[in-house]
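Values in this document were obtained by computation on a predicted structure and should not be read as measured data.
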Amino acid sequence: MKATDLKKGSIVEIRLNLSLEKMNQPVRVEIERCTEKYLWFKNNSLQRMGRNTFQTCINHFNYKIISL
């Protein structure tokens, strides 16, 4: 699965720095909206990310696509 396959309602696991005690924590979030170039995340401090950037994070920083 690649970032280009993501659509509204997809579940992804991203890494967030929630606090000093919880650095680089994996958090599952739903994709609220998507366009050809950007992804928006639901109920999250990370609001928007480019699809190419998300694919880079999958390849190098252990981001995961849980479900399409």
Side-chain angles (χ1 to χ4, degrees):
M1 291 187 271
K2 295 188 176 191
T4 54
D5 300 332
L6 292 170
K7 58 188 176 198
K8 181 179 177 179
S10 296
I11 306 290
V12 295
E13 184 176 278
I14 61 175
R15 302 214 169 246
L16 294 177
N17 297 328
L18 301 172
S19 68
L20 289 175
E21 295 80 25
K22 297 180 180 179
M23 299 295 284
N24 207 21
Q25 285 288 107
V27 177
R28 289 186 181 192
V29 293
E30 181 179 346
I31 299 207
E32 183 175 37
R33 187 176 127 193
C34 56
T35 62
E36 186 178 317
K37 296 194 179 225
Y38 292 103
L39 303 167
W40 282 263
F41 303 101
K42 190 173 194 174
N43 300 329
N44 193 350
S45 61
L46 180 63
Q47 294 179 351
R48 181 185 81 168
M49 183 183 281
R51 284 186 187 262
N52 291 336
T53 304
F54 194 80
Q55 186 62 46
T56 300
C57 291
I58 289 172
N59 295 339
H60 301 289
F61 301 112
N62 296 326
Y63 282 35
K64 297 176 185 171
I65 299 172
I66 304 301
S67 69
L68 296 176

S19: partners by side chain to side chain contact (heavy atoms under 4.5 Å, CB included), with sequence neighbours left out: E21, K22

As an exercise, state the distance from [atom1] of [X] to [atom2] of [Y], rounded to the nearest 0.5 Å.
X   : Y   : atom1 : atom2 : value
K8  : E32 : NZ    : CD    : 7.5 Å
C34 : L39 : SG    : CG    : 6.5 Å
I65 : I31 : CD1   : CD1   : 7.5 Å
F41 : Q47 : CZ    : CD    : 11.0 Å

Would you give me the side-chain donor-acceptor pairs under 3.5 Å for residues 50-58, sequence neighbours excluded?
from : atom 1 : to  : atom 2 : distance (Å)
R51  : NE     : T35 : O      : 2.8
R51  : NE     : E36 : O      : 3.4
R51  : NH1    : A3  : O      : 2.6
R51  : NH1    : L6  : O      : 3.2
R51  : NH2    : L6  : O      : 3.3
R51  : NH2    : T35 : O      : 3.0
Q55  : OE1    : A3  : N      : 2.8
Q55  : NE2    : N59 : OD1    : 3.1
T56  : OG1    : N52 : O      : 3.1

Minimum-distance pair of heavy atoms, taken over all atoms of L68 and K7: O-CE, 3.4 Å

Side-chain heavy atoms of L16 within contact of Q25, under 4.5 Å: no

4.5 Å side-chain heavy-atom contact, F61 and N24: no

Other ILVMFWY residues reachable from I66 by side-chain steps of under 4.5 Å: I11

For R28, all residues meeting salt bridge (charged side-chain N to carboxylate O under 4.0 Å, His left out), sequence neighbours excluded: E13

